[in-house]
Amino acid sequence: MSLTFLCITCYFKGGDFMRACKEAGNTVYLLTAKRTEGKAWPYESIDEIFYLEDDSNTLSNFENMIKGMAYVMRTRKIDRVVALDDFDVEKAATIREHFRIPGMGQTTARYFRDKLAMRVQARDAGVKVPVFSALFNDVEITDYLRASTPPWVIKPRAEASAAGIKKVYSFDEAWQTIHSLGEERHLFLIEQFKPGAVYHVDALTLGGKVIFHRSSEYLNTPFEVAHGGGIFRSVTVEFNSKDAKALKKMNEQVLKAFNLNYSASHTEVIKCHEDGEFYFLETASRVGGAHLAEMVEMSSGINLWKEWAKVENALAKGESYSLPDVRDDYSGIIISLARQQWPDSSPFNDPEIVWRMNEEYHVGLIVQSTSRARVLELMEKYAQMIRHDYHASAPAQDKPTH
């Protein structure tokens with residue numbers, strides 16, 4: 001049985017998903033932003049590409065997208081819609097709702113895009129979250145600021161990564177920043193900044209149950225990298241450790257509370273330095289960015305993009321799905337902006353290197369070992385080499401650039 005999958009991503013990603021979808025005998029359409037035209041998409045696995053001139057998530061743009069899709073669907077049947085990037089979760093949900101296509105609707109999609117909806121739902125389900133407030137009502141905001149302690153972070157409800165986040169240190173500075181948002185302030189929230197170690201749990205869910213997960217720790221948090229020009233690094237968490245068990249439990253609690261039935265997911269959690277407790281930060285119903293999928297694959301042997309496509313395919317066709325054997329190695333990733341257009345990575349020559357980044361003005365590596373200590377040692381060694389010979393930094397972006 002052949003079905004038709006519409007994959008939506010306005011950033012250049014998800015090639016392995018489309019390849020796996022095509023290998024399963026399906027028709028694959030891609031809806032993407034006009035600016036990605038000419039990128040190295042897996043054209044052999046894509047039957048047709050449709051472009052959005054404007055990929056913003058606005059009501060007027062959604063209306064245009066629906067009109068365009070209505071025209072497409074006069075001559076093409078679409079069985080499933082899959083969002084491959086955070087910013088396309090709302091687009092996919094809107095198309096599903098309008099054309100009555102099975103999958104995540106707009107209510108559930110909110111939990112995976114709107115940081116305010118995430119926090120309210122997680123808190124109501126008994127999951128620990130940093131103390132937060134919406135920015136709707138002046139009296140409530142003032143009460144919140146007086147009842148909690150600084151610093152706070154003011155962050156967009158619907159941006160991915162650390163884009164657009166502002167850290168404030170006093171009552172006056174908080175109000176100054178809130179006022180500066182003008183009529184846009186309802187699109188933001190404020191929460192207590194909790195210094196701590198930040199972790200990510202990359203997972204696959206099927207039938208409402210997490211069937212695969214891998215927990216990793218950012219050695220430099222996304223916030224530090226975005227706002228301090230740091231070097232991005234992440235390493236697999238010690239298997240069967242207390243932290244690994246706590247992360248597994250919190251990830252399962254969150255995805256259950258958010259009614260995730262089937263998908264890949266990327267959940268971020270902080271372990272607070274002050275009390276040693278884990279707090280939920282955010283989640284997304286897609287594969288993690290910044291080449292974390294490759295890092296997870298080097299640790300586990302599981303390609304999240306491919307297995308997610310196989311899950312979607314099996315469910316759509318009423319077939320069974322079984323996860324391949326999972327390997328338990330340690331892996332670590334390091335990525336930095338580079339001063340050189342095409343950095344020479346040959347000075348990095350340890351046998352543990354299993355992947356090298358090939359992107360202009362970037363240097364990046366993934367290492368794999370049976371020893372976490374060895375991975376950490378290499379991450380430290382490479383950070384020093386990169387800092388000395390390659391590293392460049394750019395100002396923090398208000399919106400992610402992917």
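Note that the coordinates shown come from a computational prediction; the quantities given were computed from them, not determined experimentally.
Annotation for M104 and L260: closest pair CE-CD1, 3.7 Å, computed over non-hydrogen atoms.
A salt bridge does not link R233 with E217: none of the charged nitrogens is closer than 4.0 Å to a carboxylate oxygen. Under 4.0 Å is where a charged nitrogen must lie from a carboxylate oxygen, and between K115 and E191 no such pair does. Remark: D114 engages R157 in a salt bridge, criterion side-chain N to carboxylate O under 4.0 Å. Looking at E312 and R80, no side-chain N of the basic residue comes within less than 4.0 Å of a carboxylate O on the acidic one, giving no salt bridge. Checked for salt-bridge contact, R374 and D350 meet the test: a charged N lies under 4.0 Å from a carboxylate O. A salt bridge links K77 to D79: one of the charged nitrogens lies within less than 4.0 Å of a carboxylate oxygen. Salt-bridge check for D143 with R146: failed, with every basic side-chain N at 4.0 Å or more from each acidic carboxylate O. The pair K249-E252 fails the salt-bridge criterion, with no side-chain N (NZ, NE, NH1 or NH2) lying under 4.0 Å from an Asp/Glu carboxylate O. In summary, K34 and D54 do not engage in a salt bridge, as defined by a charged side-chain N under 4.0 Å from a carboxylate O.
Between F239 and Y330, the ring-plane angle classifies as tilted under the 30° and 60° cut-offs. Ring orientation note: the planes of F258 and F280 are nearly perpendicular, at an angle over 60° on the 30°/60° scale. Ring planes of Y218 and H200: tilted class, angle from 30 to 60°. The aromatic rings of H291 and W355 sit tilted, their planes meeting at an angle between 30° and 60°.
Cation-pi geometry between K271 and Y279 is not satisfied (NZ or CZ under 6.0 Å from the ring centre, within 45° of the ring normal). Under the 6.0 Å distance and 45° angle rule, R113 counts as a cation-pi partner of F87.
A distance of 10.0 Å separates CD of E319 from CG of L315, quoted to the nearest 0.5 Å.
Residues meeting the salt bridge (charged side-chain N to carboxylate O under 4.0 Å, His left out) test with E140, sequence neighbours left out: none. Qualifying side-chain contact (heavy atoms from CB on, under 4.5 Å) partners for A244, counting only residues two or more places apart in sequence or in other chains: V237, S241. Partners of D47 by side-chain contact (heavy atoms from CB on, under 4.5 Å), not counting sequence neighbours, listed by chain and number: K22, T27, V28, Y29.
Here the side chain of R185 pairs a donor or acceptor atom with the backbone of L135 at under 3.5 angstrom. The backbone N or O of V131 sits less than 3.5 Å from a side-chain atom of Y144, completing a donor-acceptor pair. Within the 3.5 Å criterion, the main-chain N or O of Y11 finds a donor-acceptor partner in the side chain of T9.
Side-chain atoms of T4 and R76, non-hydrogen and from C-beta on, never get closer than 4.5 Å to each other.
Heavy-atom neighbours of K128 NZ from other residues, nucleotides or ligands within 6.0 Å: at or below the threshold of 12. Within 6.0 Å of atom CG in D325, 12 or fewer heavy atoms from other residues, nucleotides or ligands are found, so the atom counts as exposed in its surroundings.
A side-chain donor from one of H266 and E268 sits under 3.5 Å from a side-chain acceptor of the other. For K256 and N251, the side-chain atoms include no donor-acceptor pair closer than 3.5 Å.
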